[in-house]
Amino acid sequence: MNAVVYQGPHQVAVEEVEEPEIEHPNDVLIDITTSCICGSDLHMYEGRTAAEPGIVFGHENMGIVTEVGDAVTTLEEGDRVVAPFNVACGHCENCEDGYTGFCTNVNPGFAGGAYGYVAMGPYKGGQAEKLRIPYADFNALQLPEGDQHEDAFALLADIFPTGWHGTELANLQPGDSVAIYGAGPVGLMAAYSAKIKGAAEIYTVDRVPSRLDLAEEHCDATAINFEDGDPVEQIKDEHGGAVDKGVDAVGYQAIDPEKEADDAYDPARENPAVVLNDLIRTVRPTGELGIPGLYVPEDPGAPDEMAAQGRLGIDFGLLFEKGQKLGTGQCNVKSYNRELRDLIIEGRADPSWVVSHRVDIEEAPEMYEKFDEREEGVTKVLLEP
């Protein structure tokens with residue numbers, strides 16, 4: 001079968017790889033109908049992780065069940081499903097407590113597993129024609145038959161729940177004001193989640209005009225372009241002071257507007273602590289911060305030696321002085337995906353507006369390059385075999 005394979009920094013190719021097989025009685029196999037390119041994939045694509053050539057990318061996957069293991073009881077051939085990017089067993093202590101992003105059984109020596117991602121276990125990605133879903137009764141979320149809401153349902157694998165997770169980590173309540181740093185797919189979904197939850201004011205910070213336009217149009221957000229000046233002061237001027245809650249949907253490759261370089265996304269402009277420190281300044285005393293943006297313990301392309309070891313210069317003294325709380329960690333998708341699916345089915349939510357491209361898998365190398373360069377109009381790319 002064809003699959004998107006990592007070859008090295010800034011290089012992916014569509015190659016022939018072995019088809020997956022049932023490896024355990026609780027597995028199912030699916031024919032992929034939609035897989036997505038994620039901002040997290042770019043960290044590997046850019047050579048900013050320990051990923052080795054040969055990895056099949058793709059942790060946002062949906063499709064049709066074609067083969068069912070003997071121990072599977074809730075799924076059958078022909079079922080349409082979407083898989084959380086978390087691979088989870090369902091019965092370890094963390095899974096039983098709802099922390100499926102930190103399963104302790106699926107990836108020995110590490111809390112958490114995922115499809116097609118470095119250090120996240122032996123699970124091949126779904127930017128391919130077929131995928132094996134382990135612990136399928138637990139991991140596969142059933143969808144209505146047909147192809148209705150295909151784009152929206154595909155986002156249940158990661159970015160819609162992850163955006164929602166960011167607002168949960170920040171304990172966003174109806175009537176709160178919130179600042180969301182980052183208007184990539186997760187940041188836009190965090191802003192959309194804040195709107196659904198009844199936030200009174202939403203501020204979205206980024207530098208790409210087309211993404212800020214989407215936040216204004218679909219999330220009723222106030223757009224803050226950090227290239228126009230200090231985003232903290234812009235938000236305080238608009239709001240009349242600090243906001244109640246904040247979300248970091250950027251992570252460790254954050255751009256520091258105070259740094260200059262020939263290219264807007266030159267690594268020389270990076271400051272992995274800048275968003276965290278801006279959030280501490282943006283949010284009021286005793287406010288709360290949600291941090292779903294990705295941070296890593298090692299970064300081969302870090303701007304300095306400390307950051308290369310995952311150590312950041314955070315203004316912890318100010319955080320302490322303001323009595324702020326923060327929540328971190330990857331999304332436990334199963335905590336949210338069923339309810340978000342039902343919001344989509346009932347017409348209460350439709351996150352598909354974030355999708356900018358749906359293309360054949362053969363166009364994946366080109367779309368990786370465009371997405372990595374943050375081209376105008378490229379927000380969320382869906383692949384189909």
Side-chain angles (χ1 to χ4, degrees), residues 20-30 35-36 38-41 43-44 49-51 55-63 65 68-69 71-75 81-127 131-142 154-166 168-169 186 251 290-298 310 327-341:
E21 298 179 347
I22 296 288
E23 298 180 16
H24 190 276
N26 58 24
D27 292 347
V28 301
L29 303 182
I30 65 171
S35 186
C36 316
C38 181
S40 297
D41 293 326
H43 301 305
M44 294 187 292
T49 70
I55 290 180
V56 175
F57 280 172
H59 57 267
E60 303 180 31
N61 310 303
M62 66 180 293
V65 175
V68 179
V72 175
T73 60
T74 62
L75 299 168
V81 299
V82 61
F85 76 86
N86 318 117
V87 178
C89 73
H91 55 259
C92 70
E93 183 175 1
N94 279 348
C95 283
E96 287 184 348
D97 289 342
Y99 299 114
T100 55
F102 303 88
C103 176
T104 55
N105 281 334
V106 295
N107 189 10
F110 191 89
Y115 303 96
Y117 209 87
V118 61
M120 298 298 283
Y123 309 101
K124 290 185 178 180
Q127 290 176 14
L131 180 73
R132 177 178 75 96
I133 300 178
Y135 301 99
D137 284 317
F138 185 69
N139 286 315
L141 178 68
Q142 287 189 260
L155 305 182
L156 292 173
D158 185 350
I159 66 165
F160 193 13
T162 297
W164 193 276
H165 183 58
E168 287 287 303
L169 290 172
V186 169
I291 307 170
L294 179 65
Y295 289 86
V296 293
E298 296 180 16
T328 68
Q330 68 176 3
C331 178
N332 309 297
V333 173
K334 278 185 62 68
S335 293
Y336 315 113
N337 64 351
R338 186 178 300 275
E339 289 78 6
L340 296 181
R341 175 201 64 185

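Computed from a predicted structure; not experimentally measured.
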Is it the case that the side chain of [X] and the backbone of [Y] share a donor-acceptor pair, with hydrogens and angles ignored and the cut-off at 3.5 Å?
X	Y	result
K334	F138	yes
Q127	C36	yes
D137	T73	yes
S335	G98	yes
Q330	G101	yes
R341	Q142	yes
N105	C89	no
N26	A71	no

[X] side, atom [atom1]; [Y] side, atom [atom2] - distance, nearest 0.5 Å:
X	Y	atom1	atom2	value
I133	Y123	CD1	OH	13.0 Å
N337	L155	CG	CG	12.5 Å
E93	C103	CD	SG	12.0 Å
Y295	T328	OH	OG1	10.5 Å
C38	H43	SG	NE2	8.0 Å

Evaluation steps, side chain to side chain contact (heavy atoms under 4.5 Å, CB included), between M120 and F110: CA-CA 8 Å; M120 298 298 283; F110 191 89; 3.5 Å; yes

So Y336 and E168, side chain to side chain contact (heavy atoms under 4.5 Å, CB included) or not? Walk me through it. CA-CA 10 Å; Y336 315 113; E168 287 287 303; 3.7 Å; yes

Between [X] and [Y], which heavy-atom pair has the shortest distance, and what is it?
X	Y	value
I30	V81	CG2-CG2, 3.9 Å
L75	V68	O-CG1, 3.8 Å
G112	N107	O-ND2, 3.0 Å
G290	L169	CA-CB, 3.6 Å
A83	A157	O-CB, 3.3 Å
E21	D27	O-OD2, 4.5 Å

Residue pair V296 / T49, side-chain heavy-atom distance below 4.5 Å: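 Answer no - side chains too far apart.
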
Would you say the side chain of D41 lies within less than 4.5 Å of the side chain of H59, judging by non-hydrogen atoms?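 In short, these two side chains touch, coming nearer than 4.5 Å.
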
Report, as yes or no, whether the 6.0 Å neighbourhood of atom CD on E298 holds more than 12 heavy atoms from other residues, nucleotides or ligands.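 No, not enclosed.
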
Test applied, side-chain contact (heavy atoms from CB on, under 4.5 Å); reference residue, Y115; option that passes from N86, N61, V56: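 Exactly one pass, corresponding to N61.
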
